[in-house]
Every structure is written in C-alpha cells, then in structure tokens.
Amino acid sequence: MSLRNDFLWGASTSAYQVEGASAEDGKGPSVQDVKTLVQGTADFTVSSDHYHRFDEDIALMAKMGLKAYRFSIAWTRIYPKGDGPVNEKGLRHYSQVIDTCLLHGITPIVTIYHFDLPAALLDAGGWKNRATADAYVRYAQTLFQRFGDRVKYWLTINEQNMMTLCGNAVGTLEEGEDACRTLYQQNHHMFLAQARAMSLCHAMVQDAHIGPAPNICSIYPRTCAPEDILAAQDFEALRNWLYLDMTVHGEYNPIAWNILRKKGIEPVILPEDREVLKAAKPDFIALNYYNTITVQAPGSNAKQENAADQQTGTTETGFYEGIRNPYLGRTRFGWEIDPVGFRTTLREVYERYRLPLLITENGLGDEDAVDENGEIDDENRIAYLSDHIVQMQRAVEDGVDVLGYCPWSALDLVSTHEGIRKRYGFIYVNRTDEEVLDLRRIPKKSFYWYRDVIRSGGIRK
Ligand code: BGP
C-alpha cells in the first residue's frame, strides 16, 4: 500500500440533508425546502439537526479518527435570497463549524453548492438566467474572504452532471417542451460560475486547492459488439467527459457536443465565455462514486432500465440504453455494487487528466436497525466500504494519485429522494421519516471498523 502520509481519511455530508434549522437565524428557503417531496419521506426542516449538534457530531468524527470532514455551506444561510444582503449569523455559524474541525485536527473540505439553489434565484429563472452565475460568484467570493484563512480545500459544485442528467431527482428540471435545452443552458452557466470561482479562489486564498465534484463512473458496453462500444463511448462522453474536459481544459467534449447538436439542445455560448472557461484551472478532481453503469446500442434486445435517479435511468434515445449488469449484485435500494469498477474509474480519470483525485462520496444506503442491545450491526456497509477501499488502494498501486477518501456519509441524514429510511452514516441518528424522536447519536459497528482502518492506514489484503 502506498497511500500518501497525509492521506485525507474523511467522511461527507451536505447542508440540507443533515442540518435542519431550515428557517433559523435568517436562513432563506432553498429549492430543497420548496420542492414537492416523494411521498412518505422526511422533509428537511429538522434533517439530522446537525445545525444545533455540530459540536457533538464533530467530536464523534474526531473519535472515529477522521482527518477530514467534507460538508457543504447552505447558500441561503449566507445570502437568504441568493444575492443581496449578507446574513452575518450564517457566516458566524460556519466559522464555528470550521473552527471546531480545526480544534480537533480535522481538515475542512467545503462544498460551495450542493443541490440547494436559493428559491429566490429559482423564481428569477434559476441557472438558465446568467445572473445566477453572478450571484454564485459573489457568494463564493464571500466564502473565500471570510474562511479562506482556514479552509484550503474547496469544491465548486456537487454533481453538476447529475443536476443536468437527472434534474428530476435533484429539483433542477423545468417542465415544458424545451426542458432539455434549458438543462444544457443551465449547465453552461454552471460551467461559467465554476470557472470564475476557481480563478477567484486562486487569486484570493493562499495555498488554495479547488476542484469540481461530479459523479463519475466507468461505463461498460453490454457486449463487445462495436455498436455497444460506441453506445458506451457516447454515454461516457455525455456523463463524464463533458464535465471534466470543461473543468480541466475549458472546452466542450466534441463527442458530447455532437450529441447535443444532433438533438438540437446545445447551449448558447457568448464569445466572452471562452476566455473565462479557458482561464480557470482546478488543482484536483473530486469525484463521487457509487457504481458503474452498463449500456447497449439503441434498439438491442436486452431489457432497458427505466428507473430514474442519479445512478440509474440512463437512456438517451438514439444513442444508448441503460441495462442491468448481470455480473453485479445490488443494494437493497437497487443500486449496483461494483468495487472493481471503482478502480477502473479512478484509473480512467487519472490517466486522462493527471490531476490528483479526491473521493468525496462512496457508500451504501441501507435500512439499519438498532438491535436489542442498542447496537447497530451494519455488516453490509462494512463489506461495501472495505471492498471499495481495497480497490482504491489497488488503483494507487497502479499509479493513481489519490488525495483522500470521504465516504457518504459521516452520520445518517435524509437521502435526496428516498428519506432517512435509506441510511448511509457511520453514526446512527435516532429518527424516522415519520417522527423526529430524540435524534440521539449512536456509533454503528462501521464507526469502530472505520476508526481501525484509519489507524492502520488502510486495509491489508
Ligand atoms: C449523491 C449526492 C448526495 C447523496 C448521495 C446518495 O448523488 O451528492 O447528496 O444524496 O448521492 O444518494 P441518495 O440520497 O439518493 O441515496
């Protein structure tokens, strides 16, 4: 094993999924607070109450041995309407969170924007409006100004590719005939916002490291039929390389662009955009990995996958059709499990861009239960994470430079569209989708297991 000495063993959360206090201390509503919830799932008013309990939670993370904590800042705590007057109470809160991390020797890794666009900006047109990119840049500038002395790792936008490909799952899809074209225009404005934030961060923050945080995975062809290979290439261009080519090289991926053009949904680019996009350079690539995806050429015989969330639902008529991979098992919530695919993904991304990689999400959503001894025996999660860590280590042995591993999630939180029934944490939070209960924290078996992995610097296998 040759992980770096300063390897960032960590864990992740995002603001709306963990904090609660959704209208406290001046916070404005975000799209997550106003969206229509999937029936039977908790809303985000209390979530895991991390807003009030961050002290206790970060102390537990320290007990687990975390070297890093990846969390997001709620845009609407800093700018309740997305733009306009700043909310000092929101800034004070995150300043305390950052100081608490540092007190425990935990490196804060801050996501600037994780699925929670201010509702006021949505009302004004959301990301399809260029002014949203200006508001994002002002917001990012405030964060760099206030926290840049203490935060050295920044993530621009969480899963921009999923907001574009699965707008229905994360609340960015607009209804109407032009929905697809709008999505790619929104996407273009997010590219501009990200590029400007990266350049600004380098100008304002000493020793800054900033990068994107898309959801990236290897795409498998169903067979070695050349048509299936083409289908897989089309999908990986549209899902992976469109985002990373733009972030790293400031250019649209040609294959992806051609798909957009053929579908008549390519965005409008202004002449001045090119310079902005070219000027920005990330220091690393952060990526979220849950599983690989398998596709076949359009019109093949195998049954298509029709589910639609960020890890499934992968059909683009005329280009590729998502199918089930018969070689892989699945989680209780239907996501395929592919640790070796984690290794192939890391190799592909590193070979292509030669930038250090930071894993910002990976994990198992499961229905954990407290047993009669008051303990949570989450063996499935331990097996999932263990297999993925081993494959990450193999990727490092293969020559991939990995900065750190921050699985999802540090503690239980409300899933984006499947409620708190779908748990991911190392720390159990005592609540259900129906009842808030006492929100007591209980370290799961995986908590102690991960602590030991961190202590021994990885897994020897
Ligand atoms: C990623 C998101 C996270 C989180 C995770 C698990 O796409 O960045 O916010 O939600 O997926 O997904 P889910 O909650 O749908 O199970």
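All residue numbers in this chain count up from 1 along the given sequence. Counting convention: from 1, in listed order, for ligands and their atoms alike.
Using a 4.0 Å heavy-atom cutoff, H417 is listed among the residues neighbouring ligand 1. Assignment of F333 to the shell around ligand 1 is not supported, since no heavy atom sits closer than 4.0 Å.
Ion pairing between a basic and an acidic side chain is recognised when a charged N comes within 4.0 Å of a carboxylate O; D412 and R431 show no such pairing. Between D368 and R381 there is a salt bridge, since at least one side-chain N of the basic residue sits less than 4.0 Å from a carboxylate O of the acidic one. The residues K445 and D377 are annotated as salt-bridged, a charged nitrogen and a carboxylate oxygen being separated by less than 4.0 angstrom.
Near Y424, with a cut-off below 4.0 Å to any heavy atom, the atoms of ligand 1 are 6 (C), 12 (O), 13 (P), 16 (O). Interface of S415 with ligand 1, defined as ligand atoms under 4.0 Å from a residue heavy atom, comprises 13 (P), 14 (O), 15 (O), 16 (O).
When K422, M162, E159 are ranked by how near their heavy atoms come to atom 7 (O) of ligand 1, first place goes to E159.
Side-chain contact check for D338 and Y220: at least one donor-acceptor pair (N or O, by modelled atom type) lies under 3.5 Å. Neither side chain, N129 nor H189, offers a donor N or O lying under 3.5 Å from an acceptor on the other.
Residue contacts with ligand 1: E418 is placed with no nitrogen or oxygen under 3.5 Å of a nitrogen or oxygen of the ligand (distance criterion only). Checked by distance only, ligand 1 and T416 come closer than 3.5 Å through their nitrogen or oxygen atoms. Considering backbone and side-chain N/O atoms, Y16 never comes within less than 3.5 Å of an N/O atom of ligand 1.
By the criterion of a heavy-atom distance under 4.0 Å, neither the backbone nor the side chain of S14 is placed next to ligand 1.
When the shell of 6.0 Å around NZ of K263 is examined, it contains more than 12 heavy atoms from other residues, nucleotides or ligands.
Screening W408, F71, F115 for a side-chain contact (heavy atoms from CB on, under 4.5 Å) involving S14 leaves a single residue, W408.
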